[in-house]
Amino acid sequence: MALMDFIKKQFIDILQWTEEGDGTLAWRFPMAGMEIQNGGTLVVRESQMAIFVNEGQVADVFGPGTYKLTTQTLPVLTYLKNWDKLFESPFKSDVYFFSTRQQIDQKWGTPQPITIRDKDFGAVRLRAFGNYAFRIADPKLFHTEISGTRESYPVADLEGQLRGMVLQNISNAIASSGLPFLDLAANQVMFADALVKELAPIFAKLGILIESLTVQNVSLPEELQKILDQKIGMGMVGNDMGKFMQYQTAQAIPKFAEGSGNGGGGIAGDAMGLGAGVALGQVLAQNLQQGLQTPVAPAAAAAAQAAATPLGVKPEDVMATLEKLGDLKSKGILTQEEFDAKKAELLKKLI
């Protein structure tokens, strides 16, 4: 009976792994009912490594090459099985292959804005995304920490964990880079290098080497981006509030003109219709203070002020007066006819 069992056994002469596709990090050679022949051949291709595991204990590790399996090429397994006393052939052992190719284009990104300290703004919430590439560097450590005895271990089972590690260390990377947000957005390579420096020792604990990481975008949430745009606009005019107000008004002129062309109402639309839009770029600089400090006057005072406007009056003064008259009309103090008459009189001063 023992002789028949021996005859029925299948012996393995060649152990190898031909990867059929992408995305597999570890693969166990199928050993069910089979034993490895003494003097058998192990083939480890470029971009692969292999390990022998005896009763759950990692024995010998092989890099790329072709090996004849003997006590000389399997020193650790020989020791574990006491083959120096009595060599057993054939023998059983679990054999795992690992892909050491780069696993490229692994995505990462912030699902929600993260809050960081910033030199310029105090604290900001930002979004970022990019990709990274990694490879298995220590198959023994990867086997004991990650893949274990599974028949195969795909990249998909690990990417969520790695992505979480990237996101967890973004704040530390920004702090170590010493870059404020505005410089950070312009120095994405430096930010990426700082992030790789933070991640390298963490990935190494899993037997993984992070090969590269890119930061494709760093941005603020929409509401904060609007505030940043205003700050940039003020910087363009030398932080001069008057010039900044003129800048904002100039940006609004096309909208006012469009409203006027479509029959839109309002003081700004009427002024554009009468050719007074040239004054819009200058009005808010002085109007901001005058409009807040001057109380609403009665109709007679407003009319007297309009009549007393001297020749060569500044456009912003005319527009400020028009706005006050418009406010009086909307409150019913002035009639439409009175308003139109005063408006025509004031607009003549601009010519």
Side-chain angles (χ1 to χ4, degrees), residues 15-31 42-54 56-64 93-114 127-174 176 188-189 191-218:
L15 296 94
Q16 62 182 337
W17 177 33
T18 55
E19 301 177 59
E20 297 180 355
D22 297 329
T24 301
L25 294 173
W27 179 76
R28 186 181 67 201
F29 190 91
M31 300 291 296
L42 171 68
V43 178
V44 182
R45 290 174 168 80
E46 292 292 339
S47 76
Q48 291 181 355
M49 295 188 76
I51 62 173
F52 280 69
V53 179
N54 178 62
Q57 186 173 357
V58 176
D60 300 280
V61 181
F62 295 86
S93 176
D94 291 325
V95 181
Y96 294 88
F97 287 86
F98 298 85
S99 173
T100 57
R101 291 187 294 132
Q102 286 195 47
Q103 306 299 321
I104 62 174
D105 198 25
Q106 305 298 308
K107 308 293 185 181
W108 66 271
T110 53
Q112 300 295 331
I114 60 173
R127 302 178 188 271
F129 66 84
N131 58 16
Y132 65 96
F134 73 92
R135 72 165 79 240
I136 293 177
D138 187 337
K140 181 178 179 179
L141 187 58
F142 186 83
H143 172 76
T144 56
E145 295 292 332
I146 301 296
S147 60
T149 60
R150 291 174 53 173
E151 181 179 346
S152 66
Y153 195 93
V155 175
D157 287 2
L158 184 62
E159 61 183 1
Q161 177 70 18
L162 298 183
R163 186 185 305 116
M165 291 178 177
V166 174
L167 299 180
Q168 185 178 13
N169 286 274
I170 288 179
S171 297
N172 293 337
I174 294 175
S176 64
Q188 295 180 0
V189 173
F191 175 29
D193 291 342
L195 190 51
V196 168
K197 186 176 180 181
E198 291 289 330
L199 292 172
I202 300 173
F203 277 39
K205 293 179 180 179
L206 305 179
I208 296 172
L209 173 67
I210 182 167
E211 288 285 353
S212 62
L213 184 143
T214 66
V215 179
Q216 298 174 352
N217 181 265
V218 179

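The first residue of the sequence shown is numbered 1, and numbering continues consecutively from there. This one's a predicted model, so the numbers in the text were calculated from it and none came from an experiment. Just so you know, these numbers use all the heavy atoms, side chains as well, and skip hydrogens, waters and symmetry mates.
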Indicate every side-chain donor-acceptor pair of residues 130-142 with a distance under 3.5 Å to a residue at least two apart or in another chain.
residue	atom	partner	partner atom	Å
Asn131	OD1	Thr214	OG1	2.4
Asn131	ND2	Asp105	OD1	3.1
Arg135	NE	Glu211	OE2	2.5
Arg135	NH1	Thr100	O	2.5
Arg135	NH2	Glu211	OE2	3.4
Asp138	OD1	Lys140	N	3.2
Asp138	OD1	Leu141	N	3.1

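A distance of 9.0 Å separates CD of Gln188 from CZ of Phe191, quoted to the nearest 0.5 Å. Atom CG in Leu195 sits 6.0 Å away from atom CH2 in Trp108 (nearest 0.5 Å). Rounded to the nearest 0.5 angstrom, Ile210 CD1 and Leu199 CG are separated by 5.0 Å.
Taking the six-membered ring where tryptophan is involved, the planes of Phe98 and Tyr96 are tilted, since the angle between them lies from 30° to 60°.
With a 4.5 Å cut-off on side-chain heavy atoms, Leu206 and Met165 count as touching. Looking at Val61 and Met49, their side chains come closer than 4.5 Å, going by heavy atoms from C-beta outward. Two residues are said to be in side-chain contact when any heavy atoms from C-beta on lie closer than 4.5 Å; Arg101 and Glu19 meet this criterion. Residues Leu162 and Phe203 are in side-chain contact: their nearest non-hydrogen atoms beyond the backbone lie under 4.5 Å apart. Taking 4.5 Å as the limit, some side-chain heavy atom of Ile202 sits within range of a side-chain heavy atom of Asn169.
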With side chain to side chain contact (heavy atoms under 4.5 Å, CB included) as the criterion, how do Phe97 and Leu42 come out once you've worked through the C-alpha distance, each side chain's angles and the decisive distance to 0.1 Å? CA-CA 11 Å; Phe97 287 86; Leu42 171 68; 3.8 Å; yes
Should Val95 and Arg28 be marked as a side chain to side chain contact (heavy atoms under 4.5 Å, CB included) after you check the CA-CA gap, both sets of side-chain angles, and the distance that decides it? CA-CA 6 Å; Val95 181; Arg28 186 181 67 201; over 6 Å; no
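Panel note: side chain Ser93, backbone Val53; a donor-acceptor pair is recorded below 3.5 Å. A distance-only check finds a donor-acceptor pair linking the side chain of Thr110 to the backbone of Ala128 [under 3.5 Å]. A donor-acceptor pair is defined here as one N or O able to donate and one able to accept, closer than 3.5 Å; no such pair exists between the side chain of Glu159 and the backbone of Gln106. Checking side-chain atoms of Gln168 against main-chain N and O of Val166 turns up no donor-acceptor pair under 3.5 Å.
Residue Asn217 places its CG atom among more than 12 non-hydrogen atoms of other residues, nucleotides or ligands, all under 6.0 Å distant. Remark: Glu151 CD is loosely packed, at most 12 non-hydrogen atoms of other residues, nucleotides or ligands lying under 6.0 Å away.
Looking at every heavy atom in both residues, Ala194 comes nearest to Ala173 through CB-O, 3.6 Å. Nearest heavy atoms, Pro154 versus Arg150: CD-NH2, 3.7 Å. Considering all non-hydrogen atoms of both residues, Pro111 and Arg127 come closest at O-NH1, 4.0 Å.
Partner of Leu25 under the side-chain contact (heavy atoms from CB on, under 4.5 Å) criterion, chosen from Ile208, Leu158, Ile146: Leu158.
For the residue pair Arg45 and Gln16, a side-chain donor N or O sits within less than 3.5 Å of a side-chain acceptor on the partner.
Residues forming a salt bridge (charged side-chain N to carboxylate O under 4.0 Å, His left out) with Asp94 (at least two apart in sequence, or on another chain): none.
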